Amino acid sequence: LFKDEEDIASWPDQTAVAGKVYPGDIRYLDLNCDGVVNSYDMKPLGSTGIPEIVYGFGASASWKGFDVSLFFQGVGNISLNTYSSLTCGFIQNSIYRNNLLADVYGNYWTPDNPDAKYPRLSVNAGSNNNSVRSTFWQQDGSYLRLKNAEIGYSLPKRLVNKAGLQTVRFFVAGDNLLTFSKFKLWDPDQNDANGVFQYPINRTGTIGVNLVF
């Protein structure tokens with residue numbers, strides 16, 4: 001981020017990106033070294049918003065009446081764009097959509113916080129230098145999730161048969177229990193920031209008993 005006007009003056013001119021540049025704005029690289037930052041300095045970076053790798057694996061085991069079943073699901077080679085009103089300020093056209101993530105609070109640029117995680121807040125969508133799609137807002141959306149897990153215990157046959165039953169099994173099960181990801185702002189399965197306005201994936205748990213007569 002530009003720390004002050006002197007910092008802006010010492011950098012290649014990037015007004016062609018989105019107009020006037022202010023302290024607290026994102027600075028972009030002059031990749032072709034012509035002294036101006038513009039569309040000729042753009043290039044593909046990262047992966048797409050659709051994962052190139054989708055995978056899953058699981059395992060089941062049993063021992064002396066106990067059984068365990070696990071299933072993991074994940075994606076790889078996917079980039080998320082985190083730019084939105086949730087991270088960049090009050091740029092939506094309706095009040096209820098102009099909330100900020102708690103991660104932004106106290107972490108946006110001010111003259112007293114020049115090394116901030118986020119740029120200055122703004123109400124100018126589109127004409128804002130910080131709205132340009134760039135690696136500043138790009139994050140790795142890869143994740144591995146414990147999608148399903150179940151632990152059970154079956155009572156010995158000699159006991160349940162006396163009660164006129166074939167099987168009595170107690171179990172505890174859960175869905176979406178753990179997610180391992182470098183990305184922490186929201187559930188990476190919701191893709192970009194627009195997905196935050198949707199309902200997140202639920203974590204559920206079940207306790208039960210199976211009776212076979």
Side-chain angles (χ1 to χ4, degrees), residues 44-88 91-92 94 96-107 117-118 131 133-157 159-160 163 165-213:
L45 294 167
S47 302
T48 68
I50 300 174
E52 295 180 296
I53 301 172
V54 179
Y55 63 93
F57 60 91
S60 297
S62 60
W63 179 77
K64 292 186 177 180
F66 290 96
D67 62 271
V68 178
S69 179
L70 303 174
F71 178 72
F72 291 86
Q73 175 256 329
V75 302
N77 288 7
I78 175 174
S79 294
L80 303 183
N81 175 35
T82 62
Y83 172 80
S84 78
S85 61
L86 295 171
T87 54
C88 205
I91 58 177
Q92 294 287 347
S94 56
Y96 83 99
R97 292 174 69 94
N98 277 309
N99 295 308
L100 282 173
L101 290 176
D103 191 56
V104 180
Y105 181 76
N107 290 321
K117 179 178 179 180
Y118 294 95
S131 66
R133 198 176 185 98
S134 69
T135 52
F136 186 92
W137 300 111
Q138 181 176 283
Q139 291 202 38
D140 182 3
S142 302
Y143 69 85
L144 172 64
R145 172 173 288 139
L146 178 55
K147 192 68 177 175
N148 311 108
E150 185 169 324
I151 300 174
Y153 176 71
S154 299
L155 293 177
K157 291 286 187 181
L159 295 179
V160 299
L165 299 171
Q166 296 183 32
T167 304
V168 177
R169 177 178 175 269
F170 301 92
F171 68 91
V172 177
D175 297 320
N176 305 313
L177 297 175
L178 294 171
T179 301
F180 305 94
S181 176
K182 296 178 182 178
F183 185 71
K184 304 299 183 183
L185 287 180
W186 54 77
D187 190 323
D189 217 12
Q190 293 178 284
N191 207 303
D192 64 18
N194 291 323
V196 177
F197 297 113
Q198 304 169 3
Y199 286 106
I201 293 176
N202 290 324
R203 178 182 296 141
T204 62
T206 305
I207 300 174
V209 57
N210 295 326
L211 302 178
V212 178
F213 293 92

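All values reported here derive from a predicted model rather than from experimental measurement. For the numbers below, each heavy atom of this structure counts, side chains included, while hydrogens, waters and symmetry mates do not.
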Flag if over 12 foreign heavy atoms under 6.0 Å of CG, Leu178: yes
Flag if over 12 foreign heavy atoms under 6.0 Å of CD1, Ile151: no
Donor on one side chain, acceptor on other, Tyr153 and Asp67, under 3.5 Å: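 Checked: Tyr153/Asp67 side chains show no N/O donor-acceptor pair below 3.5 Å.
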Tyr143-Gln73 side chain donor-acceptor pair, cut-off 3.5 Å: yes
Would a 4.5 Å heavy-atom cut-off, applied to side chains only, mark [X] and [Y] as touching?
| X | Y | answer |
| --- | --- | --- |
| Tyr118 | Tyr105 | no |
| Ile207 | Phe171 | no |
| Ser142 | Lys182 | no |
| Trp137 | Ser84 | no |
| Val75 | Ile53 | no |

Main-chain N/O of Leu144 paired to Lys147 side chain as donor or acceptor, under 3.5 Å: no
Flag, side chain of Thr87 to backbone of Thr82, donor-acceptor distance under 3.5 Å: yes
Val68/Glu150 under side chain to side chain contact (heavy atoms under 4.5 Å, CB included): CA gap, chis, key distance, verdict: CA-CA 6 Å; Val68 178; Glu150 185 169 324; over 6 Å; no
Nearest-0.5 Å distance that lies between atom [atom1] in [X] and atom [atom2] in [Y]:
| X | Y | atom1 | atom2 | answer |
| --- | --- | --- | --- | --- |
| Asn176 | Arg145 | CG | CZ | 5.5 Å |
| Ser47 | Gln138 | OG | CD | 7.5 Å |
| Cys88 | Leu100 | SG | CG | 9.5 Å |
| Asn148 | Leu177 | CG | CG | 8.0 Å |
| Asp189 | Leu80 | CG | CG | 10.0 Å |
| Thr167 | Leu211 | OG1 | CG | 9.5 Å |

Set of residues satisfying salt bridge (Lys or Arg N to Asp or Glu O under 4.0 Å) with respect to Asp140, sequence neighbours excluded: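 For Asp140, no residue satisfies salt bridge (Lys or Arg N to Asp or Glu O under 4.0 Å) once neighbours in sequence are set aside.
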Stepwise side chain to side chain contact (heavy atoms under 4.5 Å, CB included) check, Leu185 with Leu101: CA-CA 8 Å; Leu185 287 180; Leu101 290 176; 4.1 Å; yes
Plane angle bin for Trp63 and Phe66 - parallel if under 30°, tilted between 30 and 60°, otherwise perpendicular: parallel
Pairing of Asp103 and Lys117 as salt bridge, 4.0 angstrom limit: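 Lys117 and Asp103: salt-bridged.
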Heavy-atom closest contact (Ser181 atom, Pro188 atom, distance): OG-CG, 4.1 Å
Contact list for residues 201-213, test side-chain hydrogen bond (donor to acceptor under 3.5 Å, both in side chains), sequence neighbours left out: Asp175-Thr204
